[in-house]
Amino acid sequence: MSKEKTKGQQLVEELFYEAPLAVDSAEDVFEKANAFCEGYKTFLDEGKTEREATAFAQKMLEDAGYQVFVPGTVYKPGDKIYTINREKCVVAATIGTKSMNEGMHLNISHIDAPRLDLKPNPLYESANLSLLQTHYYGGIRKYQWPTVPLSLHGVVFKKNGEKVTINIGEKPGDPVFCITDLLPHLGAEQNTRKLNEGIKGEELNILVGSLPYEDPEVKDRVKLLTMKLLNDMYGITERDFNRAEIEAVPAQKACDVGFDRGLVGAYGQDDRVDAYPALLAEIETKAPAFTTVCVLTDKEEIGSDGTTGLQSMYVFHFMQQLCAAHGADSIACFKASKCMSADVTAAYDPTFASAFEPQNSTYAGKGVAIAKYTGSRGKGGASDAGAEVVNYFTRLMDDAGVIWQTGEMGRIDLGGGGTVAKYVAAHDIDTLDIGVPVLSMHSPFELVSKVDVYMAYKAFKAFNEATE
Ligand code: MN
Ligand code: MN
C-alpha cells in the first residue's frame with residue numbers, strides 16, 4: 001500500500017528534474033540495446049579506419065538498395081542515394097515528400113579516430129630490431145599507447161601505380177605489432193617526467209621485426225628481412241612508404257564490459273558510436289517528409305580540414321546539386337535545414353570526479369547526450385545552438401520516447417573540445433550537438449553504455465521521421 005505523498009513531495013515531483021537512468025524507461029530496453037550493439041560491435045571490428053568504415057558502410061547501403069548519386073537526376077520521394085568522398089566519407093540520403101526548399105534533415109558524425117600514422121620514411125633498424133616511426137593523429141594521451149597490441153591498416157601505391165591495401169593484425173593467426181615501454185626497474189628517470197611526456201612523440205616507435213635476413217654480408221639485416229617480407233606480401237619497396245597512408249590501431253576486438261555486459265569496450269568508438277546508429281537510422285527511413293542526409297565524415301579529430309573534413313564543401317555541394325536538379329533554391333534549403341551534429345562527449349568518471357561538475361555532467365547510462373554548446377575558455381569555438389533549436393530537438397526526442405540528458409564536457413576552463421557543429425552552422429543550418437557519453441575517450445579502449453547507443457539510434461530515427 002503506497003503512502004499518500006505530502007504537499008512538499010508532490011511539489012518536488014512537479015517542479016524538480018533529474019535525468020533518469022535510460023534502462024528504467026521500459027522493461028525491454030536493455031534487451032533491445034544489447035541486440036542493437038551486436039551489429040555495432042561488428043561495425044567497429046570491420047571498420048577500424050575511416051577507409052574501412054567507409055567501405056563497410058557502402059556495403060550496408062548497397063545491400064539496402066541505395067543507388068549511386070548522379071548529379072542532375074530527378075529523384076522521387078523515397079529514393080535512396082549515396083556518394084563516397086575519396087574513400088573516406090559517406091553521404092547517404094533518402095528523398096523526402098516535401099520540397100527541398102523546406103530544408104533537409106542532416107545527421108553528421110565522423111569515422112576517423114585518434115591513432116598512430118606511419119611517418120613518410122618510417123622503417124629503421126636499431127639493436128637488431130626493426131621498427132616503424134609514427135606521427136600521432138588526433139588528441140592522444142601518448143603514455144596509453146605502448147604495450148598495446150597493434151594492427152596496421154592502410155593503402156600503399158607501388159612504383160607501377162598499383163594500389164595495395166594493407167590489413168594485418170586483425171585476423172586470427174595474424175601477427176601483431178607493439179610499442180615498447182621501459183621496465184619499472186629502470187624507470188626512475190622516466191618516472192619524474194610529467195604525464196604528458198611519460199612517452200614522447202618520438203618514442204612511439206612500433207616494433208615490427210627481430211629476425212635477420214640470412215646473408216651475414218649485408219648491413220641492417222633485420223630491416224632487410226622486414227622489407228623482404230613486406231615485398232613478398234604486398235609487392236612494395238621502402239620507397240613506396242613515401243606514397244602510403246598506413247595507420248596503427250589497437251588490435252583488440254570490440255567486446256562486452258562488466259559482469260552485467262552493460263557496456264561496449266572497443267577502440268575507435270569516438271565517433272563510430274554515433275556513426276553506426278546514424279547509418280542504421282538512415283537505412284531504415286522510408287519516405288520521410290524532409291529529405292534526410294546522413295554524413296559519415298573524416299578529419300574531425302584534427303580540425304575538419306582538407307577535402308574530406310567538414311570544412312570542405314563536399315556535403316554542401318551534394319545538397320546544392322540535389323536542390324538544383326529538383327528546382328529548389330539551395331540558399332532557402334540551407335536556411336530551413338536542421339542538423340544533428342553527432343559526436344561523443346565525456347561521461348562522468350567517478351575515479352576522476354574533480355575533472356567534472358556533477359550537476360552539468362553527462363553520465364554513461366542516462367541516455368544520449370545533447371550539448372547546447374561545446375568549445376573552451378568561455379564557449380570559444382562553439383556553435384551554441386539557440387534555445388529554439390534545443391526546444392525543437394528535445395520535444396522531438398520526448399515525443400519519440402528517447403531518453404536524453406544534457407550537460408557540459410567537464411569543469412569550466414579545464415580543457416574542452418569542439419565538434420563539426422560550427423562548420424555546419426556556418427552554412428546557415430540550425431545545428432545541435434548530440435552524442436553518446438564515453439569513458440576513457442581517445443584511449444585505445446573506450447567504453448560506452450549500450451543503452452545510450454540505442455538511445456542515439458532512436459534519436460536519429462525520430463529526427464529522420466519528423467514531419468515538421
Ligand atoms: Mn569525436
Ligand atoms: Mn574525438
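Just so you know, residue 1 is the first one in the sequence shown, and it goes up from there. All ligand and atom numbering here is 1-based and tracks the order in the structure.
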Examine all N, O or S atoms of [X], backbone included, and report whether one is under 2.8 Å from the Mn ion (ligand 2).
{"X": "H442", "answer": "yes"}
{"X": "D343", "answer": "no"}
{"X": "D270", "answer": "yes"}

Item to check | D399 and R395: CA distance, side-chain angles, deciding distance, salt bridge (charged side-chain N to carboxylate O under 4.0 Å, His left out) verdict | outcome: CA-CA 6 Å; D399 290 347; R395 263 169 216 287; over 6 Å; no

Checklist entry - Can a donor-acceptor pair be found between the side chains of E31 and N34 at a distance below 3.5 Å? => result no

Item to check | Side-chain touch L296/C294, heavy atoms, less than 4.5 angstrom | outcome: yes

Next on the checklist: Looking only at N, O or S atoms, which one in E301 sits nearest to the Mn ion (ligand 2)?
Outcome noted: OE2

Item to check | T297, D298, T54, D112 screened by side chain to side chain donor-acceptor pair (under 3.5 Å) with T308, the one that passes | outcome: D298

